[in-house]
There are 2 protein chains.
Amino acid sequence: MNEEILSKKGLKITRARKSIISILEELDQPISAENLYKIFKEKEKGNLSTIYRNLKTLTDKDVVEIACEVDGISYYRLKQKKHKHSIICKKCGKIIPIENCPMGQIQSKLEDTTGFKIESHILEFRGICPECQKKEEK
Amino acid sequence: MNEEILSKKGLKITRARKSIISILEELDQPISAENLYKIFKEKEKGNLSTIYRNLKTLTDKDVVEIACEVDGISYYRLKQKKHKHSIICKKCGKIIPIENCPMGQIQSKLEDTTGFKIESHILEFRGICPECQKKEEK
DNA sequence: GTTATTGCAAACAATTTGCACCCAC
DNA sequence: GTGGGTGCAAATTGTTTGCAATAAC
């Protein structure tokens, strides 16, 4: 349950937080604060700044992470053990997740050559999804 | 010469544009509009909005690309034949380029499994650079 | 009861834009 | 000379913050 997630991190259990986490859980793909708020408002009443504040808190506590930033907008998702990457469709904006991160070996090789201690990476693909490709052919 | 780049794209050759391109050329690593402007002002007089406007124009014309967005700031670089990726140090913000993009095979495999036509990808690593690691040990 | 969380409005920072002037062609 | 480029200031947009009211523990 997401109440456990919260108390384990020393955060108070509030309607807003429970709702945010369950939305992210159900969604299983990156979402912007604004869109998350739209879904949130259908169920709960609350303020957009509560969303922002909680996304920040949850990110600091490693419950949530910023998956990517596109056109000045941050996209959030639950931080999972096995993290994921996405492909974003340039036409319709659809974001679909990729299973299995392919970066393991690449990353450790890079640590050797650069001396960096690599803590995370961002990998996003952009392209055109099958449906939009069909539309283009018309 | 960067004048050729501009006329080839049907853009007028102006002081600002020549300067922006040569700064990006010399730098060979992603830079924010604001920092680019600081370097720019040492040589030329001009306005920050000219920088933004030209970065936009040059991006539209595929001369420049947004390498990544971090904390709400876009980092630009010349769009090169062989594109590059970077590692960003979480402590000092240093950005260092990685030679050779490792994504070739991964990308084509992904096109097969997802049906997407992949046009580009973003790959950024974050970690701690050797110097900052030393400082932490103190 | 105490402290963290929320709502609201105002503040911010990066980026964009409207308009008058200016320069490249 | 004309149309695109620029400077300046004002607007816009995603996000953050101060403060008083409220809810979690």
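Here is how names work: the chains are called A, B, and so on, in the same order as the sequence lines, proteins then strands, and each is numbered from 1. The figures that follow rest on heavy atoms only: side chains count, while hydrogens, waters and symmetry mates do not.
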Side-chain touch B:L58/B:I21, heavy atoms, less than 4.5 angstrom:
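Touching, per the 4.5 Å side-chain cut-off.
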Is B:I23 close to B:K43 at the side-chain level, that is, under 4.5 Å between some pair of heavy atoms?
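Side chain of B:K43 against side chain of B:I23, heavy atoms only: contact under 4.5 Å found.
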Have a look at A:Y76 and tell me which of A:T59, A:L36, A:I20 forms a side-chain contact (heavy atoms from CB on, under 4.5 Å) with it.
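Answer to the side-chain contact (heavy atoms from CB on, under 4.5 Å) test with A:Y76 among A:T59, A:L36, A:I20: A:T59.
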Measure [atom1]/[X] against [atom2]/[N] and give the value in whole Å, please.
{"X": "A:R17", "N": "C:dG7", "atom1": "CZ", "atom2": "C1'", "value": "15 Å"}
{"X": "B:N47", "N": "C:dT16", "atom1": "CG", "atom2": "P", "value": "14 Å"}
{"X": "B:Y37", "N": "D:dT6", "atom1": "OH", "atom2": "C1'", "value": "12 Å"}
{"X": "B:L6", "N": "D:dG4", "atom1": "CG", "atom2": "C1'", "value": "13 Å"}
{"X": "B:I51", "N": "C:dA14", "atom1": "CD1", "atom2": "P", "value": "15 Å"}
{"X": "B:N35", "N": "C:dT15", "atom1": "CG", "atom2": "P", "value": "11 Å"}
{"X": "B:E44", "N": "C:dC23", "atom1": "CD", "atom2": "C1'", "value": "14 Å"}
{"X": "A:K45", "N": "C:dC8", "atom1": "NZ", "atom2": "P", "value": "10 Å"}

Candidate pair A:R77 and A:E65, rule salt bridge (charged side-chain N to carboxylate O under 4.0 Å, His left out), full reasoning
CA-CA 6 Å; A:R77 71 178 154 209; A:E65 66 183 339; 3.2 Å; yes
Exercise: identify the closest heavy-atom pair between B:T57 and B:R17:
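Shortest heavy-atom contact: CG2-NH2, 4.3 Å.
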A:F40 and A:G46: which non-hydrogen atoms are nearest, and at how many Å?
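For A:F40 and A:G46, the tightest heavy-atom pair comes out as CE2-CA, 3.8 Å.
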Within the structure, does a side-chain N or O atom of B:N54 lie under 4.0 Å from either OP1 or OP2 of D:dT6?
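Checking D:dT6 against B:N54, a side-chain N or O does come within under 4.0 Å of OP1 or OP2.
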What nitrogen or oxygen pairs link the protein and nucleotides 21-25 of chain D at under 3.5 Å?
unit_1: D:dA24; atom_1: N3; unit_2: A:K12; atom_2: NZ; d: 3.4
unit_1: D:dC25; atom_1: OP1; unit_2: A:I13; atom_2: N; d: 3.1

Protein-nucleotides 14-17 of chain D N/O pairs under 3.5 Å:
unit_1: D:dG14; atom_1: O3'; unit_2: A:G72; atom_2: O; d: 3.3
unit_1: D:dT15; atom_1: OP1; unit_2: A:S74; atom_2: N; d: 3.1
unit_1: D:dT15; atom_1: OP1; unit_2: A:S74; atom_2: OG; d: 3.3
unit_1: D:dT15; atom_1: OP2; unit_2: A:Y52; atom_2: OH; d: 2.5
unit_1: D:dT15; atom_1: O5'; unit_2: A:Y52; atom_2: OH; d: 3.4

Quick check: does any side chain N or O of B:E44 sit under 3.5 Å from a backbone N or O of B:A16, one acting as donor and the other as acceptor?
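Checking the backbone N and O of B:A16 against the side chain of B:E44, no donor-acceptor pair under 3.5 Å is found.
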For the backbone of B:D71 and the side chain of A:E69, can you confirm whether one donor and one acceptor N or O come within less than 3.5 Å of each other?
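Yes; judged by distance alone, with no hydrogens or angles, the pair exists.
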To the closest 0.5 Å, what do you measure between OG1 (A:T50) and CZ (A:R15)?
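Between A:T50 OG1 and A:R15 CZ, I get 9.0 Å after rounding to 0.5 Å.
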